[in-house]
There are 2 protein chains.
Amino acid sequence: MCRVEHQAGLATALRRGTLEFCVLALLSDGERYGVELVRELGAEIALTTSEGTLYPLLSRLRRVGWVTTSWRESPAGPPRRYYSLTPEGATALDHFRSEWTTFRDAVDRVVGTDRRS
Amino acid sequence: MCRVEHQAGLATALRRGTLEFCVLALLSDGERYGVELVRELGAEIALTTSEGTLYPLLSRLRRVGWVTTSWRESPAGPPRRYYSLTPEGATALDHFRSEWTTFRDAVDRVVGTDRRS
DNA sequence: ACATAGTACCTTGCGGCGCAAGGAACCTGT
DNA sequence: ACAGGTTCCTTGCGCCGCAAGGTACTATGT
């Protein structure tokens with residue numbers, strides 16, 4: 001089943017390579033735990049994702065040192081693992097912002113969605 | 001080697017799912033042949049890609065009926081396969097424009113690269 | 001005639017991400 | 001005890017972009 005053939009795949013493909021930086025951006029505003037991140041990303045329909053996506057993503061971020069984690073008690077339920085941004089993560093996020101704006105503007109020019117008309 | 005670890009991978013990941021619509025957008029302006037598309041995409045640094053990426057991509061577009069092709073003589077060199085947009089391709093491009101602007105704005109909000117303010 | 005360089009097309013194999021599906025563990029209320 | 005909510009995580013798959021390699025046609029130089 002070619003990705004190009006079904007509807008949902010388009011948005012999924014767009015999220016690729018962006019989602020992790022959206023997570024870093026959320027964390028730059030303060031630490032969060034996994035399910036909380038799923039919920040906050042879900043507030044933006046275009047960025048809605050699932051735990052099956054997020055947890056491996058968070059593992060990668062931890063492995064490369066862009067986030068650190070700490071376990072904390074939950075008021076109700078199992079303990080939560082809170083993620084917080086490291087300085088390296090903040091640097092990576094800055095770098096992404098630069099790459100993203102370049103990329104975004106290029107796509108806008110080519111497909112004709114530039115907001116300056 | 002984790003994608004997140006090396007520099008080039010960022011831009012590559014962003015291109016995912018967008019490149020094919022950039023191609024459609026170029027074709028909406030008139031038919032092109034393969035190498036020509038590589039060159040024109042190369043004009044946008046953020047969209048620069050190679051033939052190893054483009055030819056499989058073009059095959060997919062042809063398979064789903066978003067483009068049709070016709071062979072044409074070249075003034076110097078082997079014959080060229082020209083790609084042109086079908087009505088279905090134009091519809092898909094329109095649909096992408098809508099999805100793209102939604103996605104783009106969501107990312108801008110979350111990572112703080114919104115051009116407002 | 002032959003080699004070289006330029007043009008143009010295409011294929012193979014790999015790595016990585018996002019996802020669906022499933023599973024494990026902890027707490028609370030009945 | 002048990003059901004239901006919360007939270008964490010893993011496995012297997014599909015797909016795309018890429019590097020590398022391969023084929024074929026034309027023009028040019030010797």
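Proteins come first, then strands; the chains are lettered A, B, ... in the order of their sequence lines, and each starts at number 1.
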How long is the line joining [atom1] of [X] and [atom2] of [N], in whole Å?
X	N	atom1	atom2	value
A/Leu58	D/dC9	CG	P	8 Å
B/Leu54	D/dA20	CG	C1'	17 Å
A/Leu37	C/dG18	CG	P	14 Å
B/Arg72	D/dC25	CZ	P	20 Å
B/Glu73	D/dA27	CD	P	10 Å
A/Leu41	C/dG18	CG	P	11 Å

Over all atoms of both residues, closest heavy-atom pair of [X] and [Y]:
X	Y	answer
A/Leu24	A/Gly89	CD1-O, 3.9 Å
B/Val110	A/Cys22	CG1-O, 3.7 Å
A/Asp114	A/Arg109	OD2-CG, 3.9 Å
B/Glu40	B/Leu26	OE1-CD2, 3.7 Å

* To do: For A/Thr12, answer base if it contacts any base atom (sugar-phosphate contacts may also be present), sugar-phosphate if it contacts only those atoms, and nothing otherwise; contact means non-hydrogen atoms under 4.0 Å.
  =>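 Result for A/Thr12 = sugar-phosphate.
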* To do: Give one of base, sugar-phosphate or nothing for A/Leu57, where a contact means two heavy atoms less than 4.0 Å apart.
  =>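 Sugar-phosphate, backbone atoms only, no base.
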* To do: Check whether any side-chain nitrogen or oxygen of A/Thr49 sits under 4.0 Å from OP1 or OP2 of C/dG18, and answer yes or no.
  =>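 For C/dG18, OP1/OP2 do not have a side-chain N/O of A/Thr49 under 4.0 Å.
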Quick test: give all pairs of protein nitrogen or oxygen and nucleotides 2-7 of chain D nitrogen or oxygen below 3.5 Å, distance rounded to 0.1 Å.
| from | atom 1 | to | atom 2 | distance (Å) |
| --- | --- | --- | --- | --- |
| D/dT7 | OP1 | A/Tyr33 | OH | 3.0 |
| D/dT7 | OP1 | A/Arg80 | NE | 2.9 |
| D/dT7 | OP1 | A/Arg80 | NH2 | 2.4 |

* Report yes if the side chains of A/Phe103 and B/Thr18 come closer than 4.5 Å at any heavy-atom pair, otherwise no. =>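 The answer is yes, as the side chains (C-beta and beyond) meet within the 4.5 Å cut-off.
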* Min side-chain heavy-atom separation B/Arg81-B/Tyr33 under 4.5 Å ->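 No, too far: nothing below the 4.5 Å cut-off.
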